[in-house]
Amino acid sequence: MRIATWNVNSINARLDGVLDWFREASPDVACLQEIKCVDEKFPTEAFESLGYNVAVHGQKTYNGVALLSKYPMEDVRKGLPGDETDEQARYIEALIVAPRPVRVGGLYLPNGNPIGTDKFSYKLAWMARLKAHAQMLLADEEPLVLAGDYNVIPEASDCYDPAAWVGDALFQPQSRAAFRELQWLGLTEAHKQVVGKTHDYTFWDYQAGAWPRNNGIRIDHLLLSPQAADRLKACTIHSHVRGREKPSDHVPVEIDLAL
DNA sequence: ATGGTAGACCTTCTA
């Protein structure tokens, strides 16, 4: 079973290119982030015609996440637990009812810039809530995949120029420590299992020729419970998509789990 | 060299 994550940076501005990739790659499950629209404006029919079931947790102008699945989805949860006052649409989860069911959480973790502001505090608080939720889900001891735009550069080798990111929320020691805390719970970062791969990126800024210079960072991740990690066969970054017409600044990342 | 690009949307915010 192949599960993908992709920050599309507006689903409606990007629809043709996104559908092209879905026709080519045909993932079984996909988590989309930054759809930047309310539920009613999501192009549900376009994905249904490709054979997907659709669950959307949208928001006007900013954020917004969606889950697409060729298998039925049950137990759909919208919004990250732990703060009833949080109105930002950044989390959606469902049980994918495949022959061997997998629970998939799609997330768009707050950017957190600039540091020293309430935006950075919100990022860290959101990560603490994600940790608590992951801990609760892991207690089930079932296959679980938490996939999305984590807005965290885990290691210096996950960016082209570490020095350029030292003051950025994505590379702060606190952000990276909170990302490691998720892994200490027992979650395995899929890309790290791909032997010998460093300096692989999932995001290239639109500015300053970042893509032609390969000035990228790796911030889109898939974290797996032991029951999912045991079945991990591959983790693939679809970098070539960044070079297409009207691209997102992120590219799809896809894992393959043994059936 | 403190720029540059992109999307949503009303003028600036977020990334």
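Each chain gets a letter, A, B and so on, in the order the sequences are listed, and its residues count up from 1.
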Item to check | 5'-most by nearest nucleotide on DNA chain B - A:P247 or A:P110 | outcome: A:P247
Item to check | Interatomic distance, A:D118 CG vs B:dC13 C1' [rounded to whole Å] | outcome: 13 Å
Next on the checklist: Output the rounded distance in Å from NZ (A:K246) to P (B:dA8).
Outcome noted: 7 Å
Checklist entry - Which listed nucleotide (B:dG7, B:dA15, B:dA6) is nearest to the side chain of A:Y108? => result B:dA15
Checklist entry - How is A:A13 classified with respect to the nucleic acid when contacts are heavy atoms under 4.0 Å: base, sugar-phosphate, or nothing? => result sugar-phosphate
Checklist entry - Which pairs count as salt bridge (charged side-chain N to carboxylate O under 4.0 Å, His left out) when at least one residue sits in residues 239-255 of chain A, sequence neighbours excluded? => result A:R2-A:E254, A:E24-A:R244
Item to check | Residue A:N63, side-chain heavy atoms: nucleotide from B:dA8, B:dG7, B:dA15 that is nearest | outcome: B:dA15
Item to check | Interatomic distance, A:Y122 OH vs B:dA15 P [rounded to whole Å] | outcome: 10 Å
Checklist entry - Which whole-number value in Å describes the distance from A:Y206 OH to B:dA8 P? => result 10 Å
Checklist outcome for this item: Taken to the nearest whole Å, CH2/A:W165 to P/B:dA15 is 13 Å
Next on the checklist: Heavy atoms only, 4.0 Å cut-off, all strands: where does A:R213 land among base, sugar-phosphate and nothing?
Outcome noted: nothing
Next on the checklist: Closer than 3.5 angstrom, by distance alone: can the side chain of A:R90 be matched with the main-chain N or O of A:L80 as a donor-acceptor pair?
Outcome noted: no
Checklist entry - Rounded to the nearest Å, what distance is computed from the CG atom of residue A:N9 to the P atom of nucleotide B:dA15? => result 11 Å
Checklist entry - What distance, rounded to whole Å, do you find between the two P atoms, one in B:dC10 and one in B:dT14? => result 14 Å
Checklist entry - B:dT14 phosphate, OP1 or OP2: any side-chain N/O from A:K119 under 4.0 angstrom? => result yes
Next on the checklist: Please classify the nucleic acid contact of A:F203 as base, sugar-phosphate, or nothing, using heavy-atom distances under 4.0 Å.
Outcome noted: nothing
Next on the checklist: Treating A:S248 as the side-chain partner and A:N7 as the backbone partner, does any N or O pair qualify as donor plus acceptor under 3.5 Å?
Outcome noted: yes
Next on the checklist: Parallel, tilted or perpendicular: which one describes the rings of A:Y150 and A:H221, with boundaries at 30° and 60°?
Outcome noted: tilted
Checklist entry - Would you say B:dG7 has OP1 or OP2 under 4.0 Å from some side-chain N or O of A:R14? => result yes
Item to check | Distance between P atoms of B:dT12 and B:dT2 (Å, rounded) | outcome: 23 Å
Item to check | Residue mapping more 5' on DNA chain B - nearest nucleotide basis, A:Q88 or A:A208 | outcome: A:A208
Checklist entry - Would a distance-only check, ignoring hydrogens and angles, find a side-chain to backbone donor-acceptor pair under 3.5 Å from A:R129 to A:P81? => result yes
Checklist outcome for this item: Among the nucleotides B:dG4, B:dA6, B:dA15, whichever has the atom closest to the side chain of A:R90 is B:dA15
Checklist entry - Whole Å only: how far is the CD atom of A:E34 from the P atom of B:dA6? => result 15 Å
Checklist entry - To the nearest angstrom, how far is A:I35 atom CD1 from B:dA8 atom P? => result 12 Å
